[in-house]
Amino acid sequence: MTMETVKSVETETQLNLDPIIESKIKTLLNQMTLAEKIGQLSQHNGEGFEAVAAINRRVKQGQLGSVLNQADPEIINEWQRIAVEESRLGIPLLIARDVIHGFKTVMPIPLGQAASWNPDIVERGAQIAAHESSSVGINWTFAPMVDISRDPRWGRIAESLGEDPYLCGELGAAMVRGFQGDNLSNPNSIAACVKHFCGYGASEAGRDYSSTNIPEYELHNVYLRPFKRCIDEGAASLMASFSDIDGIPATANDYLLTEILREHWKFDGLTVSDWNAVQELAVHGIAENDKDCATLAANAGIDMEMSGTSYEDYLSGLVKENLLSINQIDAMVSNVLRLKFRLGLFDNPFVDDKNAQLFGSDAALKVAQEAAQQSLVLLKNQNNLLPLSSTKKGKIAVMGPLADAPYEQLGTWIFDGDASISQSILTAMKLFQTDNLKIDFNCGLEYSRSKDTKHFNDAIKLAKNSDVAVLCLGEESILSGEAHSRACIDLPGAQIDLIKQIKATGTPIVGVILAGRSLTLTNIVDDLDAIIYAWHPGTMGGPAIAETLFGQKSPSGKLPVTLPKMVGQLPLYYSQKNTGRPPTDESVVLIDEIQQFAEQTSLGMTAFHLDAGYKPLFPFGFGLTYGEFDYSNLQLSAAQLSENSSITAKVTLANSGSHTATETVQLYIRDKVGTITRPIKELVGFQRVTLAPGEKTSVSFEITTNNLKFYTRRRQWEAEPGEFQIWIGGSSDATLSDTFSLLA
Ligand code: GLC
């Protein structure tokens, strides 16, 4: 990444500050001592008895701007009372918590929510999270996480919205709307925090916290885009990433935090470091000591330090030594105060702790079930094994380590998730049991990593005596999330062995996969007659899966990440560059096809692996339904596009199946020639369409130059004239295509 000044990388937006709030900030700043100003720039951990006492003292002295990790409304109300009534200036606190995919009612993990391709349900899920968490006094969450994730070895792919900048941006913006509502001062609203700025998902080898090396064009054309989208949606705050980018840790990266974020994007919100990331600058080896850490982070553009003490220990000295100006301090403090004013905390920072009984309401559970159901991706349905009949006489064996795992199905980052209201797959399936339909259970393995096969004989016997086996497999929640990266992403434990043994009984198998990442399924995909990928589906995962297995709802999810054949293919994503030697089916000779003593150049001199080819097991955007969707008759309203015109791309979609189903119609483009190499396909639009059996409709997209803009060789965010190809279809493998040109 170059440090030289770049011109505006995207359309520059102007600050739209509220003059009344700005005047109140100015008045307060004039009253504050330097110590009180610096106090606003610290956030401390609020969990644990000692912490509560220590925080009481700091708050009274006006030496704290925010607390995280406390969810007891009585403790929070007391802190706010001390802040407002006992500190000299009465400045209330920001109370932060990782409400990543729900508070007590847990939605699918964000990667699962992304599989819905539905901004509306994602927004409603965030609204529920805001409603429940704000009722205990939380007013700031550290979400949405919009790190583009293309390496499922990385545990944090679970909390991402997938591999594509456009989909990730649209769904991240939906979360911002859901958390913040129409007005941040609404008591049910909480401030969003878009994170981790920037490029954390490119951690080398998928190993969490490791280095990222992102060249400038990739940074702008891939990793920055969803952040810009969320900031344009009004995200109130932003968190810097732990990782270093091309040698400069994000926490000390003025190119990102000042030049791009403030000067070009005109961001007027609050920036916060990640946990202890300021002091970790010394561990990175870019600072000698904590004083240097504080100097680097404050000068780069970090307003608030999370959980570390370098700001409170050194900022006043830095001002006295002219290593930091009082104007810089005032700007940092203004960003903190602005958020507190916008949240309405100066008017009323308290919550009615009786309200805190709103958790797990019918309304919340309904949204959680809808979100989980729309997150389910049907990958395979051989001989239309699904949906299962709930009326015909029969015996269903519900099996596997995740069949009755109400805690595990919640997934990672559920500090407050309530497992007691989480409904497992088995519980939900049992509700369909009748005199005619018997549903029995055997776990096969007691947990996902288990290698203890003591239940195998009973499991095999049950499978033999059943008409179908629903095998619930995958990962415990601990196997994904922060610091939980895996080098092998097969099913863990003895699950593969269990599948083989059940397969040998001849009973058809429905595989239901619950995981925090895309797993490599190559070694079992042929043993399963049907496969539903359920991610970690949250509180209502059981009912969502059961209603789908029995056909009350059709699966409609589409993959937000590529499913590779094997881990050695990574990173693998649909929007690859063409390279000078793109692979084709004809140009590829696979390892088992190689003749002995083959001549060195006879295997096809193109970009592929001898033992894997070049395609994934399942591509980005893929997902089957219980319908049969056919695309035809793609038409463009014009063959040429200019700066101020648009082209309508229209296609006919028909459901020739026997079930009502929802299809996510996807629009991809390819910029055939650019001043830098361009991806072979890029998602630029999608629409969810529901059709009854036999129904057909026309689906259209408006294409303008805005869909074609990218960060060019001129370091400008612009569209370049030339030829473009478009595809419309049900996955990134769409074939229905046409071309148009953009005029100079
Ligand atoms: C963690 C995570 C960040 C989270 C923060 C507070 O280490 O990196 O995503 O919001 O600390 O819990």
Side-chain angles (χ1 to χ4, degrees), residues 42-48 51 64-71 93-103 109-111 126 129-130 133 138-149 154-161 168 172 175-176 179 190-203 206-212 223 226-227 230 235-245 249-251 253 269-281 283-284 297 302-309 339 411-417 477-478 480-485 516:
S42 286
Q43 176 185 65
H44 277 221
N45 185 30
E47 62 192 334
L64 204 55
S66 173
V67 184
L68 80 160
N69 293 341
Q70 180 52 255
L93 294 163
L94 290 171
I95 304 292
R97 185 70 163 168
D98 290 283
V99 186
I100 307 296
H101 55 109
F103 186 59
I109 54 172
L111 190 58
S133 56
I138 289 164
N139 51 47
W140 186 19
T141 181
F142 297 130
M145 187 269 222
V146 294
D147 299 312
I148 294 300
S149 306
W154 190 47
R156 302 199 77 165
I157 194 172
E159 51 183 299
S160 83
L161 292 165
C168 181
M175 283 189 177
V176 169
F179 288 132
I190 59 177
C193 180
V194 62
K195 70 183 186 182
H196 307 80
F197 196 58
C198 176
Y200 189 9
S203 295
R207 203 172 44 250
D208 202 5
Y209 311 126
S210 63
S211 300
T212 68
Y223 294 96
F227 285 92
C230 290
S237 66
L238 171 140
M239 183 189 295
S241 163
F242 282 124
S243 41
D244 81 314
I245 300 149
T251 309
N253 201 307
L270 169 61
T271 59
V272 63
S273 76
D274 203 334
W275 185 279
N276 218 35
V278 174
Q279 287 167 293
E280 285 174 10
L281 292 175
V283 183
H284 275 283
I302 296 285
D303 295 324
M304 183 179 276
E305 179 181 19
M306 178 193 291
S307 94
T309 61
L339 180 52
T412 188
W413 279 114
I414 44 104
F415 284 143
D416 306 291
S477 61
I478 195 71
S480 60
E482 184 173 350
H484 302 160
S485 297

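For ligands, and for the atoms within them, numbers begin at 1 and follow the listed sequence. Because the structure is a prediction, the values reported are computed rather than measured.
- No side-chain donor-acceptor contact under 3.5 Å links Trp154 and Ser149.
- Residue Arg156 has at least one heavy-atom neighbour below 4.0 Å for each of these atoms of ligand 1: 2 (C), 3 (C), 8 (O), 9 (O).
- Residue contact annotation: Glu159 has no non-hydrogen atom under 4.0 Å from ligand 1.
- Closest protein heavy atom to atom 5 (C) of ligand 1: Asp274 OD1, 3.3 Å.
- Side-chain contact between Trp275 and Glu280 is absent, with no heavy atoms from C-beta onward closer than 4.5 Å.
- Protein heavy atom in closest approach to atom 12 (O) of ligand 1: Asp98 OD2, 2.5 Å.
- In terms of heavy atoms, His284 sits closest to Pro249 at CG-CG, 3.7 Å.
- Within the 4.0 Å heavy-atom shell around ligand 1 one does not find Met145.
- Atom CD1 of Ile100 is separated from atom OG1 of Thr141 by 5.0 Å, given to the nearest 0.5 angstrom.
- For ligand 1 and His196, the ligand atoms under 4.0 Å from any heavy atom of the residue are 3 (C), 8 (O), 9 (O).
- Nearest protein neighbour of atom 1 (C) of ligand 1, counting heavy atoms only, is Glu482 OE1, 3.2 Å.
- Ligand 1 places these atoms under 4.0 Å from at least one heavy atom of Phe142: 6 (C), 10 (O).
- Taking every non-hydrogen atom of Trp275 and a distance limit under 4.0 Å, the qualifying atoms of ligand 1 come out as 7 (O), 11 (O).
- A salt bridge (Lys or Arg N to Asp or Glu O under 4.0 Å) with Lys195 is found for one member of Asp98, Asp147, Asp274 and no other, namely Asp98.
- In this structure, the side chains of Met306 and Asn276 stay at 4.5 Å or more apart for every pair of heavy atoms.
- Atoms of ligand 1 lying under 4.0 Å from any heavy atom of Lys195, numbered from 1 in the order shown and given with element: 3 (C), 4 (C), 9 (O), 10 (O).
- Ring planes of Phe242 and Tyr209: perpendicular class, angle over 60° (limits at 30 and 60°).
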